[in-house]
Amino acid sequence: MDLSGKVAVVTGAGRGLGRAYAEALASSGAAVVVNDVNAEAAAGTVGAITAAGGRAVAADGAVGGTEVAERLVATAVERYGRLDVMVTNAGVLRDRMLWKMSDDDFDTVIDVHLRGTFTCARAAAVRMREQGEGGRLILISSPAGQRGNLGQTNYAAAKAGIVAMARTWAMELARARVTVNAVVPVAATEMTKTIPAFAPILAEAERTGGPLPAWLRRDEGMGTAEDVAGLIVYLASDASAGVTGQAIGIGGDRLALWSHPAEKAVAHADGGWSAEAIGAAWGAFEPETYGIPAPKAPVS
């Protein structure tokens, strides 16, 4: 996918998934504004991109508030003349069980993930509508936002909200030819090392220095950050002009389209439902599962 002439902003691009996204966009021809709360990390990503012959500039700052969001867009315009792609990747974790989670734990994660996505997407949308040439908003969600996860009240809520915003903005920005999609990545990063379902496997791979097991890449869709980057490049390209309002999963050897919430089963009662009638009818419904299933290694 040739992204020559396009300009992208990637938040949280100092390491992990964000760095992989920024490097992939640059290698495909885009100029990239590399954001990270850690100025040294942002500079490191820029150095890697420029050393490989790409174009990039660092713009450090913690996403969440309007000032940083608007500064990122202004940096893209001042340095490269335009903005075509906004990738909202920045995130933090403050994992606690519900009864142990503090207000600050909750607010910090919501501010970076949910509010940061909102402010950066809003600033980008304003610029893209002014340019009148369309654009791409690529919002990073998580399986935790689709299914819930132990100890991640704040993170799961933010990531679920991001998918909801993608669907809403896809409608609002359609006339401006700005597509909006949520990416649901699964990759071995510092964040995923904290997820109980994957932590032991990732720790073992890190200890041995070997690749992730083939079954994990295929059956569980868990791979490296670089495995996810191809989807970011595709969604940033002209080839994806007809793709919007979607939640797309990727990881390892797996590419998936997540379904949107829909009524699974419906029953009717003339005159409405009493509590007793609901209790009697409930047995006909098959409840949904929840939580991220633990990986199941194949039996040798």
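A side-chain N or O of Asp227 and one of Thr224 form a donor-acceptor pair less than 3.5 Å apart. The closest side-chain donor-acceptor pair between Ser237 and Arg136, if any, does not fall under 3.5 angstrom. Neither side chain, Ser102 nor Arg94, offers a donor N or O lying under 3.5 Å from an acceptor on the other.
Two different hydrophobic clusters hold Val184 and Met222 under the rule that ILVMFWY side chains link at heavy-atom gaps under 4.5 Å.
Smallest separation of non-hydrogen atoms from Phe118 and Trp169: CA-CH2, 3.8 Å. Taking each heavy atom of Val34 and Ala13 in turn, the nearest pair found is CG1-CB, 3.7 Å. The two residues Ala56 and Val46 have their closest heavy-atom pair at O-CG1, 3.6 Å. Shortest non-hydrogen contact noted between Gln246 and Leu257 is OE1-CD1, 3.5 Å.
Salt-bridge annotation for Asp104 and Arg96: absent, with no side-chain N of the basic residue lying under 4.0 Å from a carboxylate O of the acidic one. Ion pair Arg217/Asp253 flagged as a salt bridge, since at least one NZ, NE, NH1 or NH2 atom sits closer than 4.0 Å to an Asp/Glu carboxylate oxygen.
Around the CZ atom of Arg15, the shell of radius 6.0 Å holds no more than 12 heavy atoms that belong to other residues, nucleotides or ligands. Heavy atoms of other residues, nucleotides or ligands lying less than 6.0 angstrom from CZ of Arg129 number 12 at most.
Distance alone, capped at 3.5 Å, places no donor-acceptor pair between the Thr108 side chain and the Asp105 backbone. When atom types are taken as modelled, the side chain of Ser141 and the backbone of Val183 share no donor-acceptor pair closer than 3.5 angstrom.
Annotation: side chain of Arg115 is not in contact with side chain of Ile110 (no heavy-atom distance under 4.5 Å). Contact check for Tyr21 versus Ile138: no side-chain heavy atoms found under the 4.5 Å cut-off. Contact annotation: the side chain of Leu114 approaches that of Met165 to within less than 4.5 Å [non-hydrogen atoms, C-beta and beyond]. A 4.5 Å side-chain heavy-atom check between Val10 and Ile232 finds every atom pair outside the cut-off. Using a 4.5 Å cut-off on side-chain heavy atoms (C-beta onward), Val186 and Arg254 make no contact. Inter-residue side-chain proximity for Val163 and Leu139 is flagged as unmet; no heavy-atom pair is nearer than 4.5 Å. Between Lys264 and Glu286, some side-chain heavy-atom pair lies under the 4.5 Å cut-off. Annotation: side chain of Lys159 is not in contact with side chain of Gln152 (no heavy-atom distance under 4.5 Å).
Remark: Ser274 engages no residue in a side chain to side chain donor-acceptor pair (under 3.5 Å) (not counting sequence neighbours). Under the side chain to side chain donor-acceptor pair (under 3.5 Å) criterion, Glu172 pairs with no residue at all, not counting sequence neighbours.
The aromatic rings of Tyr155 and His113 stand perpendicular to each other, their planes meeting at an angle above 60°, with 30° marking the opposite boundary.
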